[in-house]
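Whatever order the structure lists them in is the order used to number ligands and atoms, beginning at 1.
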Amino acid sequence: MCGIVGYVGPQQAQGVVIEGLRRLEYRGYDSAGIALVHDEQLVTDKRAGKLANLEKALAEQPLPASTTGIGHTRWATHGAPTDRNAHPHLGRDGRVAVIHNGIIENFAELRAELESAGHEMRSDTDTEVAAHLLEQEVEDGADLTTAMQRVCRRLTGAFTLVAVDAAEPDRVVAARRNSPLVVGLGDGENFLGSDVAAFIEHTREALELGQDQVVTLTRDGVAVSTFEGEAAEGKPYHVDWDLSAAEKGGFDWFMRKEIFEQPHAVADALLGRRDADGKLQLDEVRMSVDELRSIDKIIIVGCGTAFYAGLVAKYAIEHWTRIPCEVELSHEFRYRDPILTRTTLVVAISQSGETADTLMAIRHAREQHSKVLAICNTNGSTIPRESDAVIYTHAGPEIGVASTKGFTTQLIANYLLGLYLAQVRGSMFGDEIAKVTTELEGMPAAVQRVLDGADELYALAGRMRDARSVLFLGRHAGYPVALEGALKLKELAYLHAEGFAAGELKHGPIALIEPGLPVFCVVPPQGRDFLHDKMVSAIQEIRARGARTIVLAEEDDESVAAYADEMLRLPRVSTLLQPLLAVLPLQLFACELATQLGHDVDQPRNLAKSVTVE
Ligand code: AGP
């Protein structure tokens with residue numbers, strides 16, 4: 001997510017803002033910018049790349065002194081990471097500057113409205129429409145607070161907006177909806193931050209803001225209101241974290257923080273991907289209907305967790321589109337001389353967008369004139385840049401080496417691709433597609449419900465500290481979940497862990513079963529008997545041989561309880577979407593076990609976040 005800093009008070013705003021942005025660098029970003037109010041003018045500078053680029057520019061061309069300012073580190077969503085797309089963005093007349101975190105879902109229609117009124121947009125961002133709309137309001141006589149209230153009532157999506165008006169030099173106004181923003185309360189000065197790390201060295205007195213609220217900062221005070229302009233209250237609290245904890249939002253690891261960000265990340269991955277009529281719209285796919293209809297084979301490529309996301313996707317995409325779908329490890333695909341034609345769609349899944357094995361795979365595919373679609377979390381990274389089309393997962397920066405929200409948002413993006421192909425090709429009726437997309441929209445809440453049971457997994461990890469080997473079983477779309485759960489344990493707890501298709505047990509792996517061996521078993525939803533009952537049989541077989549069965553099953557599934565040493569309950573969900581939920585307890589378990597073993601969860605031994613070598 002983007003980093004946001006605001007300041008008004010007696011200090012030089014540039015120094016406070018830049019230092020605050022530096023404290024937020026851990027969040028990951030690809031450009032940085034600042035806007036100050038000086039002598040009833042706005043002065044700004046913004047640069048692609050790291051904060052050091054902006055600091056170098058400011059050293060070469062210093063901005064004039066100012067005691068009111070805002071600053072931003074951008075994690076690109078709409079528009080590549082360039083100087084012109086960096087924040088802040090200004091209104092047409094340069095009177096209002098805005099910085100933004102989140103996604104303005106209806107920005108396209110607002111942009112069209114502004115352009116038809118003669119506004120010329122200078123960037124590809126959704127943010128810029130907010131700057132033009134706010135400026136229109138203040139130029140029509142509203143103060144910035146009223147302008148913010150009016151504009152926020154017109155926006156849909158998730159956003160934090162922070163703005164300054166050259167005509168109101170000692171005021172910073174901000175608003176939030178489903179996006180982080182916190183106020184720092186100083187003595188004769190006040191601060192804003194996307195988290196407390198932005199201002200913790202100045203004050204530990206903070207104010208938590210509620211949903212759909214506007215906050216107005218001056219030197220002398222802070223006023224909170226609703227989007228409708230009614231007075232409201234924030235919740236004051238004292239920050240007792242140290243800076244390191246503040247950067248992780250109070251969590252001990254970035255990975256644990258990212259596990260708990262998944263309700264938000266899954267919601268963001270779904271944002272803006274249905275039009276006003278409820279039909280799927282994946283504008284960024286940038287492939288014509290004819291091209292999409294001509295596809296006669298899909299090959300999904302990826303590595304590690306991304307590969308497992310592809311394995312889940314295969315079940316969904318083939319079921320919905322009836323297009324043959326293969327899934328391959330990028331490094332195997334690249335060198336096996338695959339059969340590729342102009343009607344093959346290669347889908348490259350990569351959180352970082354820089355994995356060399358996957359990059360080489362798509363280069364090979366394009367040499368064979370196949371179309372390539374990237375599913376990626378990092379805007380402007382190499383793999384999407386070298387692809388014909390892209391679906392961004394909008395998970396926000398994933399700092400922990402072990403992928404968590406990267407995986408669940410990759411699943412969302414693959415589900416959306418499958419449903420979109422089905423919509424374009426007519427392989428599903430509209431009401432069938434709507435049924436699945438409606439269930440998807442309930443997933444953030446279902447993900448939250450699973451995470452609310454985290455303590456159960458932490459206790460289980462404590463009981464399994466001495467485990468030396470752990471197996472994972474799954475069936476159908478649960479099989480890739482078993483593989484992903486095993487990978488999490490390998491890379492975090494440095495344990496032997498192995499995932500199997502449950503049907504494969506009797507073909508060899510059951511020889512591994514011995515008394516006390518822990519086996520996680522992902523049980524499919526009860527709706528598809530042939531899958532559910534066969535999974536129950538597999539659990540009976542290993543239990544009869546002494547395995548310690550840790551069973552993940554639907555909350556009302558009593559058929560398997562008799563064979564479970566440990567029972568982990570999941571909300572009811574359809575078979576193809578169950579991986580979104582079943583993976584969560586496995587993430588929590590691996591993170592906690594590694595923590596209890598004293599490992600570095602964020603930087604596990606021998607691993608890198610992005611493997612940029614073949
Ligand atoms: C997963 O926890 C690992 N970090 C690793 O398997 C990772 O998924 C793989 O290297 C692919 O990375 P990418 O998604 O950035 O391409």
Side-chain angles (χ1 to χ4, degrees), residues 28 75 253-259 261-262 265 269 300-313 327-334 346-363 372-387 390-414 472 480-495 497 499 579 583-584 586-591 593-594 599-614:
W75 173 265
W253 302 111
F254 281 115
M255 180 191 176
R256 207 186 303 266
K257 174 172 175 268
E258 289 152 10
I259 288 174
E261 281 174 349
Q262 290 180 107
I300 300 174
V301 295
C303 300
T305 293
F307 170 66
Y308 300 143
L311 288 175
V312 173
V327 189
E328 294 212 44
L329 290 165
S330 304
H331 38 81
E332 286 297 313
F333 167 84
R334 168 73 183 80
V346 173
V347 177
I349 305 176
S350 177
Q351 188 286 129
S352 65
E354 300 298 347
T355 297
D357 290 321
T358 304
L359 178 58
M360 297 313 291
I362 67 165
R363 285 180 179 165
V372 174
L373 183 147
I375 289 181
C376 184
N377 188 40
T378 310
N379 197 302
S381 54
T382 308
I383 289 171
R385 272 209 321 270
E386 295 198 14
S387 299
V390 61
I391 299 176
Y392 282 113
T393 53
H394 295 320
E398 188 175 65
I399 313 292
V401 164
S403 187
T404 51
K405 61 179 185 174
F407 178 74
T408 45
T409 52
Q410 285 163 0
L411 295 185
I412 295 289
N414 276 287
F472 294 77
V481 175
L483 297 173
E484 170 61 8
L487 175 63
K488 287 285 144 316
L489 214 49
K490 287 176 201 163
E491 59 181 340
L492 293 163
Y494 314 151
L495 271 186
V583 73
L584 303 170
L586 309 184
Q587 295 171 347
L588 290 164
F589 174 77
C591 178
L593 183 54
H599 295 174
D600 182 340
V601 170
D602 284 333
Q603 302 285 344
R605 69 185 183 194
N606 310 335
L607 294 178
K609 182 59 185 172
S610 180
V611 183
T612 55
V613 292
E614 274 199 283

Protein heavy-atom partner closest to atom 5 (C) of ligand 1 - residue, atom, separation in Å: T305 N, 4.3 Å
E354 vs L359 side-chain heavy atoms within contact, under 4.5 Å: no
Contact with ligand 1 for E354, non-hydrogen, under 4.0 angstrom: no
Atom 3 (C) of ligand 1: nearest protein contact (heavy atom, Å): E491 OE1, 3.5 Å
Protein contact to atom 15 (O) of ligand 1 [nearest heavy atom, distance to 0.1 Å]: S352 OG, 2.7 Å
N/O separation below 3.5 Å, I349 to ligand 1: no
Any S610 heavy atom less than 4.0 Å to ligand 1: no
N/O donor-acceptor pair under 3.5 Å between T358 side chain and G353 backbone: no
Closest approach of any protein heavy atom to atom 9 (C) of ligand 1, naming residue and atom: C303 O, 3.6 Å
Shortest protein heavy-atom distance from atom 10 (O) of ligand 1, along with the residue and atom involved: V611 CG2, 4.1 Å
ring-ring contact (aromatic ring centres under 6.0 Å, His included) partners of H331, counting only residues at least two apart: none
For atom 12 (O) of ligand 1, the protein heavy atom that lies nearest, with its residue and separation: T355 OG1, 3.5 Å
Point-to-point distance, once rounded to the nearest 0.5 Å, from CD1 of I375 to OH of Y392: 12.5 Å
Per-atom contacts, ligand 1 versus A306 - under 4.0 Å to a heavy atom: 8 (O), 14 (O)
Any residue meeting side chain to side chain donor-acceptor pair (under 3.5 Å) with Q587, in chain and number order, not counting sequence neighbours: Q262
Protein heavy atom at shortest distance from atom 4 (N) of ligand 1: V401 O, 2.7 Å
Sub-4.0 Å heavy-atom contact, T358 with ligand 1: no
Salt bridge (charged side-chain N to carboxylate O under 4.0 Å, His left out) partner of E398, chosen from K257, K405, K609: K609
Contact summary for Q410 and A309, nearest pair of heavy atoms: OE1-CB, 3.6 Å
Atom 14 (O) of ligand 1: nearest protein contact (heavy atom, Å): Q351 N, 2.7 Å
Any E484 side-chain heavy atom under 4.5 Å of L586 side chain: no
Test item: side-chain donor near acceptor, K488 and T305, under 3.5 Å: yes
